[in-house]
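Report on the structure given below.
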Amino acid sequence: MFTRLFGFNRRAFSSLSEQEVLALAISSEEDDARIYRAYADGLADDYPHSAAMFEDMAEEEDRHRASLIELHRQRFGERIPLIRREHVRGYYQRRPDWLVRPLGLENVRAQAALMEEEAQRFYIEAARRTQDAATRKLLGDLAAAEQKHESLAEHLSEKHLGAEARDEEARTERRQFILTYVQPGLAGLMDGSVSTLAPIFAAAFATGDTWQTFLVGLAASIGAGISMGFTEVASDDGVISGRGSPIKRGLTTGIMTTLGGLGHALPYLIPDFWTATTIAIIVVFFELWAIAFIQNRYMETPWSRATFQVVLGGALVFAAGMLIGNA
């Protein structure tokens, strides 16, 4: 384990022969093509224009790999040594596509640009360190090929991603973000912030005990979070509605529900009753403002309507809690 961790069982790049450097380039091109195709598959349903761009990039990597294989055949024969990135100490690494998920547009585009930049930079630095003329030329050729890859990526982006296509995919990405995270999170925040007002403030005014009030708030917040999370998961698997993974939505809803309740429960850790209650009321104000802001920012609800709905609902629940607590 330690040898893997510190790279003791890896070859130094400087120790590779020209044949091994060429074999490493071949395997690297093959891996990059596979990654680009994985990106294309992951984006095909929602972002077909970007998927087509990555398909073209994968085909270009295949052509470079074929050229490198032919060069190897001419110089060293048919047998290509088995050497990959993980066998060479200090060589740039690639993240498999499942580590880059979810495949957001900007995420994969930035990752693709980084892939080409890393390869070019490594070949240039390696060429500077070698004293062998033939190896230096080979590394320089590889760096030039990676530079062409960067230009190709820009060209393909212009070809497949015009202004209209970019706007369309940006709208699709924003819609998916709202459906998977914003809507469930907003529902959780509203439930956690508003529904727990009554039990927390009822307990506060009924007992006058800050610690007991905190325990009630903690139980109500966690219980509501668990309930809302499981309800979100069970209510829609996301296949027909297109709302995304139920696990992601459930976690988002559950966490935001719990946080919404804990916001005005935590002040009751303060021993002084009126100090804790005053801070809790201030926290409630900011919670309700945050709900109105999210409604306006992402759901395009007019400020006046969002504020009226949130303030009215919060005020009614708060009043119910105070009346019950003082009964």
message: My understanding is that only residues two or more places apart in sequence, or in another chain, count here; which of them pass side-chain contact (heavy atoms from CB on, under 4.5 Å) with E78?
response: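 Once residues adjacent in sequence are excluded, the partners of E78 under the side-chain contact (heavy atoms from CB on, under 4.5 Å) criterion are R73.
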Could you tell me which residues satisfy side-chain contact (heavy atoms from CB on, under 4.5 Å) with F76, sequence neighbours excluded, listed by chain and number?
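F76 satisfies side-chain contact (heavy atoms from CB on, under 4.5 Å) with E18, Q19, L22, H72 only.
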Hey, does [Y] have a side-chain heavy atom less than 4.5 Å from the side chain of [X]?
{"X": "S17", "Y": "V21", "result": "no"}
{"X": "I83", "Y": "L16", "result": "yes"}
{"X": "E55", "Y": "Y36", "result": "no"}
{"X": "L189", "Y": "T257", "result": "no"}
{"X": "E29", "Y": "L68", "result": "yes"}

Let me confirm one number: the [atom1]-[atom2] distance from [X] to [Y], rounded to the nearest 0.5 Å.
{"X": "I255", "Y": "L262", "atom1": "CD1", "atom2": "CG", "value": "12.0 Å"}
{"X": "M256", "Y": "M228", "atom1": "CE", "atom2": "CE", "value": "11.0 Å"}
{"X": "D31", "Y": "E86", "atom1": "CG", "atom2": "CD", "value": "7.5 Å"}
{"X": "H87", "Y": "L82", "atom1": "NE2", "atom2": "CG", "value": "6.0 Å"}
{"X": "T253", "Y": "I226", "atom1": "OG1", "atom2": "CD1", "value": "14.0 Å"}
{"X": "L71", "Y": "S67", "atom1": "CG", "atom2": "OG", "value": "9.0 Å"}

In one Ile/Leu/Val/Met/Phe/Trp/Tyr side-chain cluster, 4.5 Å: [X], [Y]:
{"X": "F201", "Y": "L269", "value": "yes"}
{"X": "L218", "Y": "L266", "value": "yes"}
{"X": "W211", "Y": "F205", "value": "yes"}
{"X": "I222", "Y": "L215", "value": "yes"}
{"X": "I281", "Y": "L288", "value": "yes"}

| said: Per the side-chain hydrogen bond (donor to acceptor under 3.5 Å, both in side chains) rule, what does the pair list look like for residues 270-286, sequence neighbours excluded? | reply: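 The answer is Y268-T277, D272-T275.
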Closest heavy-atom pair and its distance - [X], [Y]:
{"X": "A23", "Y": "P81", "result": "CB-O, 3.5 Å"}
{"X": "V283", "Y": "H264", "result": "CG1-N, 3.9 Å"}
{"X": "A265", "Y": "I200", "result": "CB-CD1, 3.9 Å"}
{"X": "E61", "Y": "A33", "result": "CB-CB, 3.7 Å"}
{"X": "S27", "Y": "L24", "result": "OG-O, 2.9 Å"}

For D62, the side-chain hydrogen bond (donor to acceptor under 3.5 Å, both in side chains) test, sequence neighbours excluded, returns R37
Sequence neighbours excluded, the answer for side-chain hydrogen bond (donor to acceptor under 3.5 Å, both in side chains) partners of R65 is none
By salt bridge (charged side-chain N to carboxylate O under 4.0 Å, His left out), E30 pairs with (sequence neighbours left out) R34
- Item | Under 3.5 Å: donor-acceptor pair, side chain of S227, backbone of G223 | no
Exercise. So, for F285 and W289, is the gap between ring centers shorter than 6.0 Å?
Worked result: no
